[in-house]
Amino acid sequence: MQAAVTHSPPLASLSRVTHRYGSVLALDDLDLEVRRGEVLGVLGPNGAGKTTAISLLLGSLQVQEGAASVFGFAPGAPEVRVRRGAMLQISGISANLTVREHLELFRAYYPAPIPASRLLAMAGLEDLARRRYGKLSGGQRQRVMFALALAGDPELLFLDEPTTGLDVDARHRLWSEIRALRESGRTTVLTTHNLDEADALADRVVVIHKGRRIAEGTPAEIKSRTAGRLVRCVTRIAPDDVASLPGVVEARTRGQHLEALTTQPEALVRVLLARDEALADLTVVAAGLEEAFLALTRDGEEGAA
């Protein structure tokens, strides 16, 4: 007889959680699992319920209906707090302390913290160690928040919009550190509006819309759910005119370019070339995670309607 396949329990989970703010339904019977050693991307439009879900896993909100667990404990338990780190958008950090002073202060909260010199290197802060926090730029403060989230050498790390305000080099350096954390067996929950970031980092993606999970899978699996191609070009044709053409799912302007998601790319290209002889920089590529996300949330809106 073949042995039964066993699965390790999730590192953290929400089970059939419903949460309300007065009459506003923020989460609607939501199930969410965080698995050991993965980077989990939690995606959704503004107001989808992402922040509420993460707040419940951090223990900063109490569960109203359903259950929440981290490491087998209630999310706010002391046994949990010393094993997880969080980089959030709201902070009450003193402007008068230096970067190193903040790191040393946070390290003192944990039994086996990462050395301050290593934290400075991981966040690219070596040259800013003696600078007061109040004198830092927005991107530099983001890097400090990342270092503070890592101070306790967490097994589970929550990152909320971690690369907001970072330049390209700093963003890719932080991405490398997140990948290194995964290689060392750490687990990361990433919430971001940067779909390229989720595509580059996440092993698995959960899309939340109106408080419900509407999709889950690897980035490749999520992208495969979107039929069609992305047509991109520089043209005088307005996005609204393109959106009305047969097979076009979505049309928008990004910088100088028109971008159109379509299930009939060849037909669309013929129409565009016929209507605009000056059309330039034409490319046709597979739909990306952003197009899949837009299609999923649009379908969610239509289903709700």
Side-chain angles (χ1 to χ4, degrees), residues 39 41-48 50 139 161-176 178-179 190-209 214-303 305:
V39 176
V42 180
L43 310 180
N46 290 331
K50 304 185 302 297
E161 303 289 346
T163 59
T164 300
L166 299 187
D167 60 33
V168 173
D169 288 342
R171 181 182 306 122
H172 284 277
R173 182 169 183 169
L174 188 143
W175 286 7
S176 295
I178 295 172
R179 293 188 181 105
L190 171 71
T191 54
T192 179
H193 285 95
N194 184 336
L195 280 301
D196 290 337
E197 184 165 88
D199 200 1
L201 294 175
D203 301 295
R204 188 166 57 94
V205 168
V206 170
V207 182
I208 299 175
H209 187 51
I214 62 171
E216 178 180 355
T218 66
E221 289 169 344
I222 297 294
K223 287 184 285 188
S224 71
R225 295 178 57 170
T226 303
R229 295 273 173 168
L230 186 68
V231 176
R232 192 168 186 265
C233 61
V234 176
T235 178
R236 294 171 294 185
I237 306 173
D240 288 346
D241 293 335
V242 176
S244 65
L245 296 173
V248 175
V249 178
E250 192 95 29
R252 61 180 180 266
T253 299
R254 175 166 294 177
Q256 299 181 27
H257 289 80
L258 169 81
E259 293 184 343
L261 178 63
T262 176
T263 57
Q264 301 176 30
E266 296 86 355
L268 176 59
V269 168
R270 285 196 296 270
V271 171
L272 292 174
L273 291 173
R275 292 190 180 183
D276 184 2
E277 295 181 354
L279 184 145
D281 199 15
L282 174 66
T283 58
V284 181
V285 297
L289 188 59
E290 180 172 353
E291 288 70 45
F293 173 82
L294 291 171
L296 285 166
T297 53
R298 184 191 62 252
D299 290 345
E301 291 283 358
E302 292 173 353

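What's counted below: heavy atoms across the whole structure, side chains too, no hydrogens, waters or symmetry copies. Predicted model, so just to flag it, every value in this text is computed and none were measured. For reference, positions follow the sequence shown, starting with 1.
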Apply side-chain contact (heavy atoms from CB on, under 4.5 Å) to residues D281 and H257 and explain how you reach the verdict.
CA-CA 9 Å; D281 199 15; H257 289 80; 2.6 Å; yes
Over all atoms of both residues, closest heavy-atom pair of [X] and [Y]:
X	Y	answer
A286	R229	N-NH1, 3.5 Å
V248	A251	CG1-CB, 4.3 Å
P219	A198	CG-O, 4.3 Å
G41	A202	N-CB, 3.9 Å

To the nearest 0.5 Å, what is the distance between [atom1] on [X] and [atom2] on [Y]?
X	Y	atom1	atom2	answer
L258	R236	CG	CZ	13.5 Å
T164	R171	OG1	CZ	9.0 Å
W175	D196	CH2	CG	6.5 Å
H193	F293	NE2	CZ	7.0 Å
L279	T235	CG	OG1	4.5 Å
L190	R204	CG	CZ	13.0 Å

Within the structure provided, determine whether L289 and L43 are in side-chain contact (heavy-atom separation under 4.5 Å).
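Contact flag for L289/L43 side chains = yes.
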Determine whether L245 and R275 make a side-chain contact, defined as any pair of heavy atoms from C-beta on separated by less than 4.5 Å.
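Yes, close enough: below the 4.5 Å cut-off.
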N-O pairing of K223 and D199 below 4.0 Å
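Salt bridge flag = yes for D199 with K223.
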Pick one: which of T262, L230, L268, V269 meets side-chain contact (heavy atoms from CB on, under 4.5 Å) with V284?
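Among T262, L230, L268, V269, the one that satisfies the side-chain contact (heavy atoms from CB on, under 4.5 Å) with V284 is V269.
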Residue among T192, V207, I208 satisfying side-chain contact (heavy atoms from CB on, under 4.5 Å) with V42
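Result for side-chain contact (heavy atoms from CB on, under 4.5 Å) with V42: I208.
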Main-chain N/O of L166 paired to T163 side chain as donor or acceptor, under 3.5 Å
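Judged by distance alone, no pair lies under 3.5 Å.
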